[in-house]
Amino acid sequence: MTELTADETAEADRAQSFVVFRLGGEGYALEVLRVQEVLDVLSITEVPGASRSLLGVINLRGHVVPVYDLRIPFGLPVDAKPARAPSVLIVETEAGNDSDVTGLLVDRVSDVLEFAPDQVQPSPQLGLGKTTPFVRGLIRHQDAFLLVLDVDRVFSVLATINGEGV
């Protein structure tokens, strides 16, 4: 067994920041290092013939960014007329040595919060040894749980839905 250096121990004990958002009535947390920015949805250009998970594209300072509805891979009903303006998380995707940005539509972004590593509990078991596919952990927060999103798994499923890479 290897021993951790003082710097490695301090790094492991350091609080981690998460972007907290709501989707389908549940609270989620995503590492802030994965989120480039949060946008209010102003205008999304639909792309004819695109997969049902691709809402369209937005212009982000001259760059075309695809926006996916996070409800599709989660199997949640799509809200055609949301009560309030949803938000788009601009997230960096990685494929090999390449990286790109992708938008994920969520109901509402509420906070950026810090949690100690010991506050993130392992992903729950669903029975028969299977874990939830998009949740890599749970954080107890304000008498409820935040589901820590495994965004790489989300992109993997979106790529499967699209029949190609995201």
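Note that these values count all heavy atoms, side chains included, but never hydrogens, waters or copies made by symmetry.
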Original post:
Below 4.5 Å, heavy atoms only, C-beta onward: do Arg22 and Val106 meet side chain to side chain?
Top reply: no
Original post:
Distance from Ser87 atom OG to Leu104 atom CG, nearest 0.5 Å?
Top reply: 12.0 Å
**OP:** Provide the closest heavy-atom pair for Gly24 versus Asp107 in the form atom of the first, atom of the second, distance.
**Re:** N-OD2, 2.8 Å
**OP:** Quickly, which of Leu33, Val32, Asp111, Leu149 forms a side-chain contact (heavy atoms from CB on, under 4.5 Å) with Val19? Name it, please.
**Re:** Val32
**OP:** Only one of Gln16, His141, Arg140 passes side-chain contact (heavy atoms from CB on, under 4.5 Å) with Phe115; say which it is.
**Re:** His141
Original post:
Is there a path from Val135 to Val35 through hydrophobic residues (I, L, V, M, F, W, Y) whose side chains come within less than 4.5 Å of each other?
Top reply: yes
**OP:** Kindly determine whether Phe18 and Val148 satisfy side chain to side chain contact (heavy atoms under 4.5 Å, CB included), including the steps that lead there.
**Re:** CA-CA 9 Å; Phe18 292 88; Val148 180; 4.0 Å; yes
Subject >> Partner set under side chain to side chain contact (heavy atoms under 4.5 Å, CB included) for Val57, not counting sequence neighbours >> reply: Thr45, Val47, Val64
**OP:** Evaluate the side chain to side chain contact (heavy atoms under 4.5 Å, CB included) criterion for residues Ile90 and Val88: first the C-alpha distance (whole Å), next the side-chain angles of each, then the deciding distance (0.1 Å), finally the verdict.
**Re:** CA-CA 6 Å; Ile90 302 297; Val88 174; 3.8 Å; yes
Original post:
To the nearest 0.5 Å, what is the distance between CZ (Phe145) and CD (Glu26)?
Top reply: 11.5 Å
Subject >> Side chains of Val91 and Gln36 in contact at under 4.5 Å (non-hydrogen atoms) >> reply: no
**OP:** Taking the side chain as every heavy atom from C-beta outward, state whether Val154 and Leu70 have any atom pair closer than 4.5 Å.
**Re:** yes
Original post:
How long is the gap from CG on Leu146 to CG on Leu30, to the nearest 0.5 Å?
Top reply: 12.0 Å
Original post:
Where do Arg52 and Asp69 land on the salt bridge (Lys or Arg N to Asp or Glu O under 4.0 Å) test, with the steps shown first?
Top reply: CA-CA 9 Å; Arg52 65 183 178 97; Asp69 190 342; over 6 Å; no
Original post:
Are any non-hydrogen side-chain atoms of Arg108 and Pro86 less than 4.5 angstrom apart?
Top reply: no
**OP:** Mind checking the OG-CD1 spacing from Ser51 to Ile72? Nearest 0.5 Å is all I need.
**Re:** 8.5 Å
**OP:** Check the hydrophobic clustering (I, L, V, M, F, W, Y; side-chain heavy atoms under 4.5 Å; chains of links allowed) and say if Leu23 and Val78 are grouped together.
**Re:** yes
Subject >> Atom pair CG/CD1 of Asn59 and Ile44 - distance to nearest 0.5 Å >> reply: 12.5 Å
Original post:
Is any side-chain heavy atom of Leu89 closer than 4.5 Å to a side-chain heavy atom of Leu39?
Top reply: no
**OP:** Kindly give the heavy-atom pair with the smallest separation between Pro66 and Leu54, and that separation in Å.
**Re:** CB-CD1, 3.8 Å
Subject >> Side-chain touch Phe134/Val157, heavy atoms, less than 4.5 angstrom >> reply: yes
Subject >> side chain to side chain contact (heavy atoms under 4.5 Å, CB included) evaluation trace for Val20 with Val109 >> reply: CA-CA 6 Å; Val20 176; Val109 174; over 6 Å; no
Original post:
Who passes side chain to side chain donor-acceptor pair (under 3.5 Å) against Arg61, sequence neighbours left out?
Top reply: Glu37
Subject >> Steps toward side chain to side chain contact (heavy atoms under 4.5 Å, CB included) verdict (Tyr68, Leu105) >> reply: CA-CA 6 Å; Tyr68 291 89; Leu105 187 78; over 6 Å; no
Original post:
Say you draw a straight line from CG of Leu138 to CD of Gln119; how long is it, rounded to the nearest 0.5 Å?
Top reply: 13.0 Å
Original post:
Between Phe74 and Tyr28, does the ring centroid distance fall short of 6.0 Å?
Top reply: yes
Subject >> Nearest atoms (heavy-atom pairs only) where Glu92 meets Phe155 >> reply: O-CE1, 4.3 Å
Original post:
Can you hop from Val38 to Ile58 via hydrophobic side chains spaced under 4.5 Å?
Top reply: no
